[in-house]
2 protein chains.
Amino acid sequence: MLKKTDKRKVSKSTISRLFVYLREVSKLANLNIRTISSAELAERVNLGAAQIRKDLGYFGHFGVSGSGYDIKELERALKRILEKNKNCRVAIVGCGNLGTALISYGGFQKQGVEIAAAFDTDPKKIGKKYGGIPVQPLDKMPGAIKAKKITIGIITVPAQNAREAVDCLVDSGIKCILNFAPVGLMVPEDVTVKDVDLSREIETLSYFVDNNVVG
Amino acid sequence: MLKKTDKRKVSKSTISRLFVYLREVSKLANLNIRTISSAELAERVNLGAAQIRKDLGYFGHFGVSGSGYDIKELERALKRILEKNKNCRVAIVGCGNLGTALISYGGFQKQGVEIAAAFDTDPKKIGKKYGGIPVQPLDKMPGAIKAKKITIGIITVPAQNAREAVDCLVDSGIKCILNFAPVGLMVPEDVTVKDVDLSREIETLSYFVDNNVVG
DNA sequence: AATGTTTCGTGATTTATTTCACGATAAAAT
DNA sequence: ATTTTATCGTGAAATAAATCACGAAACATT
Ligand SMILES: NC(=O)c1ccc[n+]([C@@H]2O[C@H](COP(=O)([O-])OP(=O)(O)OC[C@H]3O[C@@H](n4cnc5c(N)ncnc54)[C@H](O)[C@@H]3O)[C@@H](O)[C@H]2O)c1
Ligand SMILES: NC(=O)c1ccc[n+]([C@@H]2O[C@H](COP(=O)([O-])OP(=O)(O)OC[C@H]3O[C@@H](n4cnc5c(N)ncnc54)[C@H](O)[C@@H]3O)[C@@H](O)[C@H]2O)c1
């Protein structure tokens, strides 16, 4: 296992891929398959075999030369690396089209992601429930975030309100934000923002369609 | 301007950032600001100034030494590079939580992205309309895609139905797919798939929260 | 007109990420 | 027991992307 100080040497993309491996390996475990080679796993997740071996290599030796990886063992190892025992709790800020779609999505639970609170400024929405989660006003945020041990904020408010949403999350002690609003957000050094810009994804794809270039 | 054959030298990330620059520059144009330096623009979009200059450099000389970029001119140039005059039409496959959120989203229009058709297999959904778009069965897809000149397919069906959705899109002539289902999709060589894996984004973020490492 | 200041454009450099390639190892076969 | 085969783990090489740094160009000031 990697020492704490070495963790920053493992790239974000590696970690992100480990979740893909875990997902696939869990699927295989349910099918009662015993072992898998890096090449077979690579095929299933559309990645290179060397990539998989290298990614795993940062954390230890999980495979057996000649026969590949024991699926149960690999699953256990990945769960340990990714701390998938520990649930992660998130708050949704902005209960519109997208926010409510996320709240209503059943798939997060299975991945250990719990939507633990939802916020909105619209008085007509406050008090409503989506997927059992009541919509609260912003001034309840600091308390709720602490009480529910929420560590991630998800911003699904219109771009022009994103500033307010971020400030409120940061003031509530949140250090990690997933932002769907199409604006660059300025945050303190110790806060991480990951942007998901869906319009941009589509536009970028469309550029490559029109130019017949595989991106 | 870059020759057609050179386009594959421009990275996907560069193209993706150009859309960000365009968005910001359009905003500035509306505020009647005349010029901006790469450093100021960089600040606004949370990127490096050199990055911006380099990205633009692939396509021509748009700036003026000493005074920066003329905003109107840069906006025009970016629109030309990105062919933002040409609208891009997409089809949504799977009108559940996420699919309908996308259909109902007003922001795509502004970015020149038109949702031109929607499909589902659920008989209860077929015929319904979301944001004015009627939900059609899968067997109408090839015809609708050709008739509406749709070039991008968006997959918002459950993972276990993604295979069917992809096959149907590919058979309808689609070469570019944005996939929200958390599965690796096998497609022919000439088809591009961009995955948007929201669970994975959250999980990856959460890993870095817990480990106090800024990703 | 000369001088100082700003900012671009871009080759060179650095950093990050992926892929290659092969020795080592373990299982299977003879 | 030896050979063959499969497959890992990983340093080295290749590729891709971001950042630096500086000459040249344009503007501003005196
Ligand atoms: N819906 C989509 O498919 C989609 C696609 C791409 C991008 N986005 C982006 O995601 C964000 C949300 O989109 P949407 O379609 O759900 O918008 P929406 O208008 O349907 O919902 C926004 C919600 O945020 C609430 N809100 C406004 N200011 C707030 C604040 N300061 N604090 C808390 N809540 C606040 C509003 O009351 C509303 O309920 C937008 O930034 C949008 O650009 C959405
Ligand atoms: N909703 C979210 O916030 C969210 C978050 C992360 C990932 N996702 C992923 O996005 C996808 C959609 O999620 P959702 O919550 O909207 O699911 P959903 O169950 O609400 O909707 C899925 C829709 O697809 C339709 N469908 C099923 N098979 C189909 C087929 N072969 N062709 C056309 N339509 C078909 C269903 O009838 C249903 O209307 C899933 O793969 C999910 O894992 C969703």
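Hydrogens, waters and symmetry mates are skipped; everything else that's a heavy atom, side chains included, is used. Note on naming: letters A, B, ... go to the chains in the order of the sequence lines (proteins, then strands), and numbering restarts at 1 for each one.
The stretch residues 153-162 of chain A participates, sequence neighbours left out, in no salt bridge (Lys or Arg N to Asp or Glu O under 4.0 Å) pair at all. For the salt bridge (Lys or Arg N to Asp or Glu O under 4.0 Å) condition, no pair includes a residue of residues 93-118 of chain A, sequence neighbours left out. For residues 66-107 of chain B, the ring pair (Phe, Tyr, Trp, His ring centres under 6.0 Å) pairs, not counting sequence neighbours, are B:Y105-B:F108.
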What side-chain donor-acceptor pairs closer than 3.5 Å can you find for residues 153-171 of chain B, not counting sequence neighbours?
| from | atom 1 | to | atom 2 | distance (Å) |
| --- | --- | --- | --- | --- |
| B:T156 | OG1 | B:V93 | O | 3.1 |
| B:T156 | OG1 | B:G94 | O | 2.6 |
| B:R163 | NE | B:D167 | OD1 | 3.4 |
| B:R163 | NH1 | B:M186 | O | 3.3 |
| B:R163 | NH2 | B:D167 | OD1 | 2.9 |
| B:R163 | NH2 | B:M186 | O | 3.0 |

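Scanning for side chain to side chain contact (heavy atoms under 4.5 Å, CB included) contacts around B:D197 gives A:R23, B:P182, B:S199, B:R200, with sequence neighbours left out. The ring-ring contact (aromatic ring centres under 6.0 Å, His included) search around B:F180 returns none, not counting sequence neighbours. Partners of A:D55 under the side-chain hydrogen bond (donor to acceptor under 3.5 Å, both in side chains) rule, at least two apart in sequence or in another chain, are A:T14, A:R17, A:Y21. By the salt bridge (charged side-chain N to carboxylate O under 4.0 Å, His left out) test, B:K54 is found to be paired with no residue, residues two or more places apart in sequence or in another chain being considered. When the side chain to side chain contact (heavy atoms under 4.5 Å, CB included) test is applied to B:K146, the partners found at least two apart in sequence or on another chain are B:P142.
Read 5' to 3', the first and last nucleotides of DNA chain C with an atom closer than 4.0 Å to a heavy atom of chain B are C:dT6 to C:dA12.
Look at A:R44 and A:E40 and you find no salt bridge, because none of the NZ, NE, NH1 or NH2 atoms lies under 4.0 Å from a carboxylate O.
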(message) Return a single string for nucleotides 3-10 of chain D, one symbol per nucleotide in 5' to 3' order, where B is base contact, S is sugar-phosphate-only contact and - is none, cutoff 4.0 angstrom on heavy atoms.
(response) ---BBBBB
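Nucleotide D:dC20 holds its P atom 13 Å from the CG atom of B:L47, rounded to whole Å.
Helical stems involving DNA chain D, defined as 3 or more consecutive Watson-Crick or G-U pairs under 3.5 Å, span C:1-30 with D:1-30.
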